[in-house]
Undergrad: 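Here it is: the structure, laid out below.
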Amino acid sequence: MKRAENFGRTVLKSSLLLNTILWMVIIISNDFDFKSLPYAILTLIPILIIWFLIMAFTIMPLFWAAKDDWTDVMIFKRYFPYYSIAAFLFYSGLIISENFESGFTTFSIVIYFTSIQNWIWLCKPKSLKPKTKQHTEKEKVS
Amino acid sequence: MKTNQQQRIQSTLIILVASFLFSLLLYQQNFGINILLFSVLTNVVLAISNFTIFCTQKVFFITIAYITTGIAVFFYTSTISYIANILAFFTLIGSFSNQKSSIYVNWINGIYTSAVAAFTLRFERLHTETENIKKRNINYWYWAKIIGIPAIIVLVFLNLYRYGNPKFDELITNIDFSFINFGWIVFTALGYYLFYNITHSVTVEPLTAFDIQTENELKDEKSIPPKKEKSELHLGTILLISLNLLIVLFLVTDVLHLSEIHKMSAPQLSQQVHTGVDALIASNVLAIAIILYFFRGSLNFTTKNNILKKLTFGWIFLNLIMVCITAIKNTEYIVSSGFTYKRIGVLFFLLMTSIGLITTFIKVINIKNLWFLFRKNIQVAFTVFIISSTLNWDKLITYYNINYAEQLDIDYLIKLSKNNTFLLKDYAEKFSIDNETRIQINLKHTKYLDDLKNNSWQEKVFDNYKIQ
């Protein structure tokens, strides 16, 4: 349940981040019209849905597949390297296949970094209070 | 002795300079001399960040391989040289992460470090209490002083000198900062991210630890019952005798067939080479799988394995003869129809197959495990790939086909990359060819010359200096 809670919060944070970056890029581009700024709220909805699906089908299955007694740190250490390598190769392949087209490259890089940041948000400690002895030992073993 | 803070400042400055150079070399540029310069820059940054690791023998050899691929890109910008350069880059970064790991673990660590080292380190810091406390103690005033005060003083003096010297004022006014735009800033930031990552290497665990712990030697740990061992020994002996007899029969018919090879037409020869390669693939996969099965454990250590070993060596030797016969067929095909990438690919496949069989022989004679085969074969494949990337294949193919091939497929040569342009132009000028072909060659030549003339200094290749 705790992981599901985190999942919803992370989807929301990522979507806000993506929406902000999208509008930053639009604002910086030369043909930006200030009248279109209110649409920034509307674009959040499709981004939220798409990001929810991306996370539900790529990152979350790894969390749900993990054993019940695994901590978030253990899941991060076990799966994050392979996820990040696979995502890096996938997006690099896409960028090369699109012949480094600038818009597509920016889009892919933003998606890649957001998905990586998601892992940090999902696994970061809730507070800085000392961890239990049991958890620290588990992490050492992993 | 430098304090931690001084070291951090030095490291940040180096990464900043490197990221500016990264943008200068690669932003909106095609590949050319910039790849060679980027390879040198990467090595300089890595050497400054950790000179002890940089001087180790393994890293030294990979550095040479990386620079060599950079030189190959400068001489002839081919897809093989690009791929070799990227592969050598990841190998180098991976070998910086851990010097004792196998080459394929180096690749994984190299990609992991280049792609996300900053995120991994940030996550680790979040989970270390002491680091969290340190984070709260960042001296922002110190950083404001170290960056702000010099910047203000430099600006004051800049304006002072501009006022005092009209030439200096003109020079400063003429500096064009128009290249700095959003794209350039993002690209430079990515350069900073990349150099930060490669100077703060991380490893994939527990993969790296497992790889270092796993040795190449096979240990006699699991002993099987003598009865089972005996039956396995008998099964292996009978199987290998049958397979040796079968391959001898196959080779005899194949050698007899070789005498008729000169009478064959090109399509027949092509068919022969392809079926020969197919048979070879099946035979070798089966050979290595069977050898690995029988020599997976206790049969390596029993004193009664002499006959089985001799039969295995015989089978490896006969498979090597099969490789030679396929090579002869392929060579005959090349002599009559010239080089193509596919025919060169077959030669490389045959070379790698021979190496695979030889390493299997070493595995059996020196009692090594499966990891030994993986490590050595991938290492050899990597070396062969790096060496092959230093050759100008398009030029070699064109030169051979024009001068020695019995049948010349000029359309195939025209479709190859621009690396053979000058050779084709010479050919068109010296020999009588049909008009359509001449037009195609001239078109390729003119387009290539235009491309060369339009190259910026970052995109320059060796041919740029040849046409000057």
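Throughout, protein chains are lettered first and strands after them, A, B, ... in sequence-line order, and every chain is numbered starting at 1.
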Undergrad: Which bit of A/F100 comes within less than 4.5 Å of chain B, counting heavy atoms only: side chain, backbone, both or neither?
TA: neither

Undergrad: Which of residues 104-119 of chain A get closer than 4.5 angstrom to chain B, counting heavy atoms alone?
TA: A/I109, A/Y112, A/F113, A/I116, A/Q117

Undergrad: Can you give me every donor-acceptor pair (side chain of residues 80-88 of chain A, partner residue at least two apart or in another chain, under 3.5 Å) with its distance?
TA:
| unit_1 | atom_1 | unit_2 | atom_2 | d |
| --- | --- | --- | --- | --- |
| A/S84 | OG | A/F80 | O | 3.1 |
| A/S84 | OG | A/P81 | O | 2.8 |

Undergrad: Could you tell me which residues satisfy side-chain hydrogen bond (donor to acceptor under 3.5 Å, both in side chains) with B/N34, sequence neighbours excluded, listed by chain and number?
TA: none

Undergrad: Distance only, no hydrogens: is a donor on one side chain within 3.5 Å (strictly under) of an acceptor on the other, for B/S417 and B/D394?
TA: yes

Undergrad: Between B/T203 and B/S97, is there a side-chain donor-acceptor contact under 3.5 Å, judged purely by atom types and distance?
TA: no

Undergrad: If you count heavy-atom pairs under 4.5 Å with chain A, which of B/I111, B/V202, B/N109 comes out on top?
TA: B/I111

Undergrad: Is a donor on one side and an acceptor on the other found under 3.5 Å between the side chain of B/N464 and the backbone of B/L452?
TA: yes

Undergrad: So for B/I108, is it side chain, backbone, both, or neither that comes closer than 4.5 Å to the heavy atoms of chain A?
TA: both

Undergrad: Nearest heavy-atom pair of B/D211 and B/R375: which atoms, and what distance?
TA: O-NH2, 2.9 Å

Undergrad: Using distance only, find each side-chain donor-acceptor pair of residues 84-95 of chain B under 3.5 Å and give its atom names and separation, not counting sequence neighbours.
TA:
| unit_1 | atom_1 | unit_2 | atom_2 | d |
| --- | --- | --- | --- | --- |
| B/N85 | ND2 | B/T69 | OG1 | 3.1 |
| B/T91 | OG1 | B/L87 | O | 2.5 |
| B/T91 | OG1 | B/W107 | NE1 | 3.0 |
| B/S95 | OG | B/T91 | O | 3.3 |
| B/S95 | OG | B/L92 | O | 2.8 |

